[in-house]
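Hydrogens, waters and symmetry mates play no part in the numbers below; they use all other heavy atoms, side chains included. Letters A, B, ... mirror the listed sequences (proteins, then strands); counts begin at 1.
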Amino acid sequence: MSDQAARPISLLKRSGHTARRHAAEARFRTCGLGAILIGLLALAMLLASVLGSGLGAFRQTYIHLPIHLDEAALDKSGNRDPKALKKVTTISYGKVIAASLNDTVLQAGIATQGLTKDDIAGIISREAPAQVRDMVLSDTDLIGKTIQVRLLANGRIDGYLKGRITAATAARDSNVSPAQLQLADVMMERGLMSLDFNAAFLTAPDASDQRPEAAGLGVAILGSAYMMLIVLALALPIGVAASIYLEEFAPKNGLTDLIEVNISNLAAVPSIVFGILGLAIFINFAGLPHSAPVVGGLVLTLMTLPTIIIATRASLKAVPPSIRQAAQGLGASRMQAVFHHVLPLAAPGILTGAILGLAQALGETAPLLLIGMVAFVREYPGAPPEGLFDPASALPVQIYNWTQRADPAFVERASGAIIVLLAFLLFMNAGAILLRRRFERRW
Amino acid sequence: MTATWTLLTLLVIAAASFPLGRARALACAGGDSCALHSLPRHYGWASVLLTLGPALVLFVLLEMTAPATPAGSLAVVACALVALAWALRRMHPGFRARQTVERGVLALLMLAACVAIATTAGIVLSMLFETQNFFAQYGWREFFLSATWAPRFQGDSDLGILPLLWGTLYISLIALVLAVPVGLFAAIYMAEYAGQRFRAIVKPGIEVLAGIPTIVYGLFALITVGPLLRDYFAQPLGLGSSGSSVMTAGLVMGIMLIPFVSSLSDDIIAQVPQSLRDGSLGLGATRSETIRQVVVPAALPGIVGAVLLAASRAIGETMIVVLGAGAAAKLNLNPFEAMTTITVKIVSQLTGDGDFAAPETLVAFALGLTLFAITLCLNVLALAIVRKYREQYE
Amino acid sequence: MEDTLTEAPGTAADTTKITVRGLQVYYAGTHAVRDVDVDIPAKAVTALIGPSGCGKSTFLRCLNRMNDTIPDARVTGEICIDGEEIHDARVDPVQLRAKVGMVFQKPNPFPKSIRDNVAYGPKIHGLTRTRAELNEVVEKSLRRAALWDEVKDRLDAPGTGLSGGQQQRLCIARAIATAPEILLMDEPCSALDPIATAQIEELIDELRNRFAVVIVTHSMQQAARVSQRTAFFHLGRMVEYGDTGELFTNPADPRTESYITGRIG
């Protein structure tokens, strides 16, 4: 290199070297933009995939049908004895429904070549007899009358109307025939069949493998709600108390250090390890029941604690020391300064952290699998507090459960359940953001 | 049920002790609340604490040794009543009620903080205990060194961890190969290039990815990514015909980790002092030269910490691999083959109806302990690095 | 712009290096620098003094277009270096900053070795071809920054391990390694102790033999010690500009007098 000072370079001339450097700059920048695009694209694909396969779960195929509740089949004695009525099985009701459907189809003059009576009855869900039986048991006067009912259609027929099943796949399927699909088409035209909003998806309990059309989230939502109740009742007070101790009172000593290390480490322990803890301590050691919301709630509490503690400490730390000094200067004790002044000022931040912790707990699946929440539960749990010990499911576990079923109709249910779960999470996160916007204070 | 009733009785006694204690203190001061050392309500709370404290300690001790006998319940209630009488005797104007209450509250706060220690201890002890049972029935050498995993119901299973460990590491590696560059570049773009409006729109979008539960990613792997990879890559290339594969799980897990890496790196890049950027730009460096040669090297320790934390998350992740990776324990290099991980096998060994004392079930605890140990090392290392990095610029 | 050369009121130096006309700087709503006209001589030290927030640092950062890196700063007016308008579309700020080096308030060595700190500029600008040439530049720059003797045995030690004064001299060495013609210094001694300050001031006096040095300083004594010309800024305006000795002993403007006698600022 020549002498540095003696190089009069014009600023107006751009050297080739600089041009290359600017090209590298542009490439680097494009990489950054590309990375963000990859992230957003992944998000879009994920949402599209879930919405695409899950929205169908909110609509369901129903058959509209007059049913003659034949006294001879349903109440042989004729005296409406509730005990005797309870002994009548769903098989009898199935026969009554099948007969009514066949009559209706015949009267409507729908061609049924190549379909046996059983084939025609097969387009109705296996859940329908139980549906009608429940109606009769709650009102025994219906027996002998003809009533207009709305029954679930079979999952395959439902799948056909939603485009999941075609005549080609039906030809290879032992559970449904192309002729049945044609019948469904005609019934749609005649208004005997319709696709309606499926409220039962949110309220009904789970259903067995053969009845995806009847499966709902009722028990799972209730179970999740119970667990969130427990998490809120335990994690919030314990978390806040622990944070107050660590942030305001803890002396610098070995015990405090140990607690600090434990909290930051627990925040990063795999969630499944908490499931093992729940199984070993709460179920095997303490003898709490399997599948119970109380165990799930306790496990999720322990998991959520670090999140809440970290958030609470951050908002306590954000309250300036001058507030504490002002209170103590007036003769308040440290405890009074904290509870009367610091805590109320930190409350919005603490609540935000608690909501985010709850949202995390709501979506957690792995630990719940280990404590038996994956069991098939059809009964709603009772009212708290006893209900907390009844078997229940949980939203994310129900999703997992449905992904393990053979019938592809359950994939639609699982995706639909994810939409419900995401809606809850969206609601909670929006609440947290609003709370932060509304009450955030900058010192 | 006796326990519940005992606790309810205690609660009633405690509730009664509040007005009693306050009234007693006021009466001693001749009704003049200014003559008291503390506020009247402090006397109430002090008597609650003095009453409930000993009774609860006794209750817990009895529950731990001989659960729920009627005699025990009676003893607890009697203890509470005696404590109440003793507490009321102490309520005179000179009694430093506020200090007593505050000491009690401080003890409660400290107890809450110790829950974290108890949780860790619970995790370690429960797993150690069951793992010991496992190794009593199954040699530790075979567990750590055997390359076959083949549990059988009738016993005589091969329970080697190596294929599971391989699957775990392979999937985590793929996830990190996707997530680290993408997350890092996203963070860099966000911190160094993006305008305010761009950041306000895009940053929440990326953060949404972080809030999505892993079961959703699992389903995404199962119904979308798996079939896609199988139909367009694995089958045309002749590499396999399985929807669930290392690649499926790895890619989806990578997507899950992108926001994790990017928000951690964002924090860390923001900590690099502006003066270093100014120094580099002032010498005529372009922005990318500044980032590559000054900002990233300065932030490197922090970024390494973030990557370690991400690795720990990947290794411990369960739902994505349960739904996306498959169940076959294999030691194989083909990324389009189904393999399995430690977490998948913990779930499958503990959710079956297996005999709880059999090694096939107990092995889950040994797997859990191994997983805990690996992630613990990564976490402690990562947190130490990140903390040291923070101190450097504070 | 060539005619401005003749207007140069230079007494301390014969040629004008930088010509500024009608400079305005706006920062997110505030008008930080107003109507500044100034001619800065080559091979001399020009000091910018004034109370905090008077716009002197902002003005300095205009000279190598560092304000470009701040999103909501806006600069209008003319700045010519050797008669070339630096806001011209053909001017690359990257090349400009190689020609106009800058030293900051707080020593900011990169977290690299001493050698790499100094070699950073020549490397990114591609000024050297071989390793030997690079080493030569590093040595020469460190010598000119009066740091060579102190660090020649530990060139591979991290730059952050040096003392504050050494770090600042390292930053000066780093700046002169890109062969600039102008050196901008933004309060280079404000973070240093008196001994280190004295060393830097001595160094600045050396540097004016090769570079046009523009230094922002908070200390009037420093301006009097190191500079040949001084500009006084107040509330965004350049109130007075002239020979350092003249300005301090016989200020023309009453505001300047108030400032140097300690009544404002």
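The most heavy-atom pairs under 4.5 Å with chain A, out of B:Ile258, B:Thr120, B:Thr375, come from B:Thr120. With chain A as the partner, the residue from B:Arg313, B:Glu130, B:Glu317, B:Arg292 showing the most heavy-atom pairs under 4.5 Å is B:Arg292. Contact count versus chain A (heavy atoms, under 4.5 Å) is highest, among B:Met190, B:Gln99, B:Arg98, B:Glu192, for B:Arg98. The greatest number of non-hydrogen atom pairs below 4.5 Å with chain B, out of A:Ile263, A:Ile38, A:Leu40, A:Ile244, is found for A:Leu40. The candidate from B:Leu378, B:Thr318, B:Val101 with the greatest count of non-hydrogen atom pairs under 4.5 Å with chain A is B:Thr318. Per-residue heavy-atom pair counts under 4.5 Å with chain A were compared for B:Thr214, B:Thr343, B:Val380, B:Ile346, and the maximum is reached by B:Ile346. Note: A:Glu25 leads A:Met335, A:His22, A:Arg27, A:Glu25 in heavy-atom pairs under 4.5 Å with chain B. Ranked by heavy-atom pairs under 4.5 Å with chain B, the list A:Asn284, A:Leu305, A:Ile371, A:Leu422 is led by A:Asn284.
Taking the side chain as every heavy atom from C-beta outward, A:Leu33 and B:Tyr193 never approach each other to under 4.5 Å. A heavy-atom distance below 4.5 Å is not found between the side chains of A:Val269 and B:Ser312. Taking the side chain as every heavy atom from C-beta outward, A:Ile399 and B:Val216 never approach each other to under 4.5 Å. Looking only at side-chain heavy atoms (C-beta outward), A:Gln336 and B:Glu102 come within less than 4.5 Å of each other. Counting heavy atoms from C-beta on, the side chains of A:Phe28 and B:Ile188 come closer than 4.5 Å. A:Met45 has its side chain out of reach of B:Ile255: every pair of non-hydrogen atoms, C-beta onward, lies at least 4.5 Å apart. Residues A:Phe339 and B:Val105 meet the side-chain proximity criterion, which asks for heavy atoms closer than 4.5 Å. Taking the side chain as every heavy atom from C-beta outward, B:Pro213 and A:Thr365 never approach each other to under 4.5 Å.
Without hydrogens or angle criteria, A:Asn262 side chain to B:Ile117 main chain gives no donor-acceptor distance under 3.5 Å.
The two atoms that bring B:Leu209 and A:Gly39 nearest to each other are CD1-O, 3.5 Å, heavy atoms only. Of all heavy-atom pairs between B:Leu219 and A:Ile418, the closest is CD2-CD1, 3.3 Å. Shortest non-hydrogen contact noted between A:Ile36 and B:Ile206 is O-CD1, 4.2 Å. In terms of heavy-atom proximity, B:Thr224 sits nearest to A:Ser49 at OG1-OG, 2.7 Å. Of all non-hydrogen atoms in A:Cys31 and B:Phe185, the two that sit nearest each other are CB-CE2, 3.6 Å. Taking each heavy atom of B:Ala113 and A:Ile259 in turn, the nearest pair found is O-CG2, 3.5 Å.
Both the backbone and the side chain of B:Arg287 come within less than 4.5 Å of a heavy atom of chain A. If you measure heavy-atom distances from B:Thr351 to chain A, the contacts under 4.5 Å come from the side chain alone. Of the two parts of B:Ile223, only the side chain, counted from C-beta on, holds a non-hydrogen atom closer than 4.5 Å to a non-hydrogen atom of chain A. In this structure, the portion of A:Leu425 lying under 4.5 Å from any heavy atom of chain B is its side chain and not its backbone. Proximity to chain A involves both the backbone and the side chain of B:Leu106, based on heavy atoms less than 4.5 angstrom apart. Proximity to chain A (any heavy atom under 4.5 Å) is restricted, for B:Met127, to the side chain, taken from C-beta onward. Interface residue B:Leu222: only side-chain heavy atoms are found under 4.5 Å from chain A. Contacts between B:Val115 and chain A at a heavy-atom distance below 4.5 Å involve the side chain alone, from C-beta outward. Both the backbone and the side chain of A:Ala366 come within contact range of chain B, with heavy atoms under 4.5 Å apart. Within the 4.5 angstrom heavy-atom criterion, only side-chain atoms of A:Phe274, from C-beta onward, approach chain B. Neither the backbone nor the side chain of B:Leu369 comes within contact range of chain A, judged by heavy atoms closer than 4.5 Å. Proximity to chain A (any heavy atom under 4.5 Å) is shown, for B:Val225, by neither the backbone nor the side chain. Heavy atoms closer than 4.5 Å to chain A are found in the side chain of B:Leu371, but not in its backbone.
Atoms CD1 and CG, on B:Ile123 and A:Leu266 in that order, are 5.5 Å from each other to the nearest 0.5 Å. Here the straight-line distance linking atom CG of A:Leu258 with atom SG of B:Cys114 works out to 8.5 Å at 0.5 Å rounding. Distance check: A:Ile281 CD1 to B:Leu125 CG gives 7.5 Å after rounding to the nearest 0.5 Å. Expressed to the nearest 0.5 Å, how far CG of A:Leu370 lies from CG of B:Leu350 amounts to 5.5 Å. With rounding to the nearest 0.5 angstrom, the OG atom of A:Ser53 is 10.5 Å from the CZ atom of B:Phe220.
Shown here is A:Phe427, whose CZ atom has no more than 12 heavy atoms of other residues, nucleotides or ligands within 6.0 Å. Annotation: B:Arg199, atom CZ; neighbour count of heavy atoms from other residues, nucleotides and ligands within 6.0 Å is above 12. Other residues, nucleotides and ligands place more than 12 heavy atoms under 6.0 Å from the CD atom of B:Glu207. Counted within 6.0 Å of CZ on B:Phe198, heavy atoms from surrounding residues, nucleotides or ligands total more than 12; the atom is thus considered enclosed. Heavy-atom neighbours of A:Phe249 CZ from other residues, nucleotides or ligands within 6.0 Å: above the threshold of 12. The environment of CZ in A:Arg164 is crowded: more than 12 heavy-atom neighbours from other residues, nucleotides or ligands sit within 6.0 Å. The neighbour count for A:Phe410 CZ, taken as heavy atoms of other residues, nucleotides or ligands under 6.0 Å away, is above 12.
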Next item on the list: Might you work through the side chain to side chain contact (heavy atoms under 4.5 Å, CB included) test for A:Leu421 and B:Ile215, ending with a clear yes or no?
Entry: CA-CA 10 Å; A:Leu421 178 64; B:Ile215 178 79; 4.2 Å; yes
Next item on the list: Verify salt bridge (charged side-chain N to carboxylate O under 4.0 Å, His left out) between B:Glu289 and A:Arg21, making sure each step is shown before the conclusion.
Entry: CA-CA 9 Å; B:Glu289 283 161 352; A:Arg21 287 170 62 200; 2.8 Å; yes
Checklist line | Test log, rule side chain to side chain contact (heavy atoms under 4.5 Å, CB included), inputs A:Leu279 and B:Phe365 | finding: CA-CA 10 Å; A:Leu279 179 65; B:Phe365 291 94; 4.2 Å; yes
Notebook entry, point to check: Does the side chain to side chain contact (heavy atoms under 4.5 Å, CB included) test come out yes or no for A:Thr403 and B:Met319, once each step is laid out?
Noted result: CA-CA 12 Å; A:Thr403 62; B:Met319 293 323 293; over 6 Å; no
Margin query: Assess the residue pair B:Leu108 and A:Tyr245 against the criterion (side chain to side chain contact (heavy atoms under 4.5 Å, CB included)); give the C-alpha distance rounded to whole Å, side-chain angles, the decisive distance to 0.1 Å, and a yes or no.
Written below: CA-CA 9 Å; B:Leu108 284 180; A:Tyr245 178 73; over 6 Å; no
